[in-house]
Amino acid sequence: MPVTIRELSRKIHDREISPVELTGDCLARIEKLNPTLNAFIAVTSESALDEARRANRKYLTETIVARSTAFPSD
């Protein structure tokens, strides 16, 4: 069943899936289908995973900062 970008965004926000998991799933699908489709000339898997790891760290950091500043403390 196809999943929309909006659904994937919600799953990442709700921590049902991480950017790294999503990227890994996409890369696995590319690896499976590309021999038949020839849709990609080059797949830069490590670069994609590095970007996903950075996105994950950034998201976790911003979430922690946002939660810690949501309520004033005296």
Side-chain angles (χ1 to χ4, degrees):
M1 174 162 106
V3 178
T4 66
I5 294 295
R6 180 175 285 179
E7 291 168 323
L8 290 173
S9 178
R10 183 194 54 78
K11 286 177 182 276
I12 289 171
H13 181 267
D14 293 344
R15 296 188 183 184
E16 293 176 32
I17 188 169
S18 75
V20 176
E21 291 171 307
L22 176 58
T23 302
D25 291 348
C26 291
L27 290 169
R29 189 162 171 86
I30 289 168
E31 185 176 327
K32 178 182 176 185
L33 297 176
N34 200 49
T36 302
L37 299 175
N38 284 323
F40 295 90
I41 294 170
V43 178
T44 56
S45 301
E46 283 307 311
S47 176
L49 288 169
D50 287 345
E51 288 295 322
R53 288 183 198 103
R54 272 193 286 279
N56 195 56
R57 282 192 300 273
K58 182 179 179 191
Y59 175 75
L60 291 175
T61 301
E62 288 177 357
T63 300
I64 291 167
V65 169
R67 287 183 181 164
S68 68
T69 59
F71 301 100
S73 59
D74 291 328

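The figures that follow rest on heavy atoms only: side chains count, while hydrogens, waters and symmetry mates do not.
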Donor-acceptor pair, side chain of Glu21 and main chain of Ser18, under 3.5 angstrom:
yes

Is there a donor-acceptor pair closer than 3.5 Å between any side-chain N or O of Ser9 and the backbone N or O of Ile5?
no

Nearest 0.5 angstrom please: [X] [atom1] to [Y] [atom2], how far?
X: Leu22; Y: Asn56; atom1: CG; atom2: CG; value: 11.0 Å
X: Lys32; Y: Leu27; atom1: NZ; atom2: CG; value: 15.0 Å
X: His13; Y: Leu8; atom1: NE2; atom2: CG; value: 14.5 Å
X: Arg15; Y: Tyr59; atom1: CZ; atom2: OH; value: 5.5 Å

Do Glu51 and Arg54 sit within salt-bridge range, that is, some charged N less than 4.0 Å from a carboxylate O?
yes

Between Lys11 and Asp14, does any NZ, NE, NH1 or NH2 come within less than 4.0 Å of an OD or OE carboxylate oxygen?
no

Going only through I, L, V, M, F, W and Y residues with side-chain contacts under 4.5 Å, is there a path from Leu49 to Ile30?
yes

Given the rule in the side chain to side chain contact (heavy atoms under 4.5 Å, CB included) test, do Arg6 and Arg10 qualify, once you have shown the distances and angles that lead to the verdict?
CA-CA 6 Å; Arg6 180 175 285 179; Arg10 183 194 54 78; 5.9 Å; no

